[in-house]
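All residue numbers in this chain count up from 1 along the given sequence.
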Amino acid sequence: MIELPEPVVVTAYFTPAAGQHAALTHALSVAIAEVHTEPGCELYAIHDAPDGRIVMIEKWSSAELLDDHGTSPATARLVASVEGLLSAPTEVTRLVPIPAGTLSQGAL
């Protein structure tokens, strides 16, 4: 039996420098369109958090394809585009699902 790769969910918290929220949102938005074309990208979206940070939620079809994304030209461009726009390092976390409830609603 062949084991299929598990999807990987990632959160990334971006803390904008003072007065840079709009510029950071723009830089991330430009990157999103490019990353959506990468193999394995199932979800790559940004949201405003109540504390002023921008939260990126990602879902990748496998850890291998997420690792490829991490070394991709799109990621290098994203890192360069947010330089000077952050007041703290980006907090990136790979999450491990704890499925509960229905299959469609209990895990990303």
Side-chain angles (χ1 to χ4, degrees):
M1 175 187 256
I2 298 173
E3 278 192 47
L4 297 176
E6 291 290 321
V8 180
V9 174
V10 175
T11 58
Y13 285 80
F14 298 86
T15 306
Q20 297 300 319
H21 185 275
L24 179 57
T25 299
H26 175 71
L28 294 172
S29 297
V30 169
I32 285 173
E34 185 175 11
V35 172
H36 281 171
T37 67
E38 290 185 12
C41 179
E42 296 181 16
L43 176 70
Y44 202 78
I46 55 175
H47 299 76
D48 273 320
D51 64 4
R53 295 186 294 171
I54 298 172
V55 182
M56 182 175 285
I57 302 171
E58 307 175 31
K59 184 176 181 183
W60 295 86
S61 59
S62 71
E64 179 183 30
L65 291 171
L66 171 59
D67 291 342
D68 290 347
H69 161 70
T71 60
S72 73
T75 298
R77 282 188 287 279
L78 170 62
V79 169
S81 73
V82 302
E83 190 173 323
L85 302 178
L86 302 172
S87 66
T90 304
E91 299 172 37
V92 178
T93 305
R94 287 187 186 205
L95 304 173
V96 177
I98 304 173
T102 68
L103 289 176
S104 64
Q105 294 172 301
L108 286 177

Which distance, rounded to the nearest 0.5 Å, do you find between the CG of Leu78 and the CZ of Phe14?
5.5 Å
About how many Å separate OG of Ser72 and CG of Leu66, when rounded to the nearest 0.5 Å?
10.0 Å
In Å, rounded to the nearest 0.5 Å, how long is the span from OG of Ser61 to CD of Glu38?
11.0 Å
Rounded distance [0.5 Å steps], CZ in Arg53 versus OG in Ser87:
10.0 Å
Donor-acceptor pair, side chain of Thr75 and main chain of His69, under 3.5 angstrom
yes
Criterion side-chain contact (heavy atoms from CB on, under 4.5 Å) on Met56 and His47, from CA distance to verdict:
CA-CA 6 Å; Met56 182 175 285; His47 299 76; over 6 Å; no
Under 4.5 Å between any side-chain heavy atoms of Val9 and Arg94, yes or no?
no
Could you state the interatomic distance from CD1 (Ile32) to SG (Cys41), rounded to the nearest 0.5 Å?
9.0 Å
Whether the side chain of His36 engages the backbone of Tyr44 through a donor-acceptor N/O pair (distance < 3.5 Å, no angle test) should be reported.
yes
Give a yes or no on this: more than 12 heavy atoms of other residues, nucleotides or ligands lie within 6.0 Å of atom CD of Glu64.
no
Out of Leu86, Thr25, Thr90, Val82, which one pairs with Ile54 under the side chain to side chain contact (heavy atoms under 4.5 Å, CB included) rule?
Thr25
Using modelled atom types and a 3.5 Å cut-off, is there a donor and acceptor pairing between side-chain atoms of Lys59 and backbone atoms of Leu108?
yes
Interatomic spacing from OG1 in Thr11 to CD in Glu58 - rounded to 0.5 Å:
8.5 Å
Candidate list Leu28, Val55, Ile57, Leu24, test side chain to side chain contact (heavy atoms under 4.5 Å, CB included), partner Ile46, passing option
Leu28
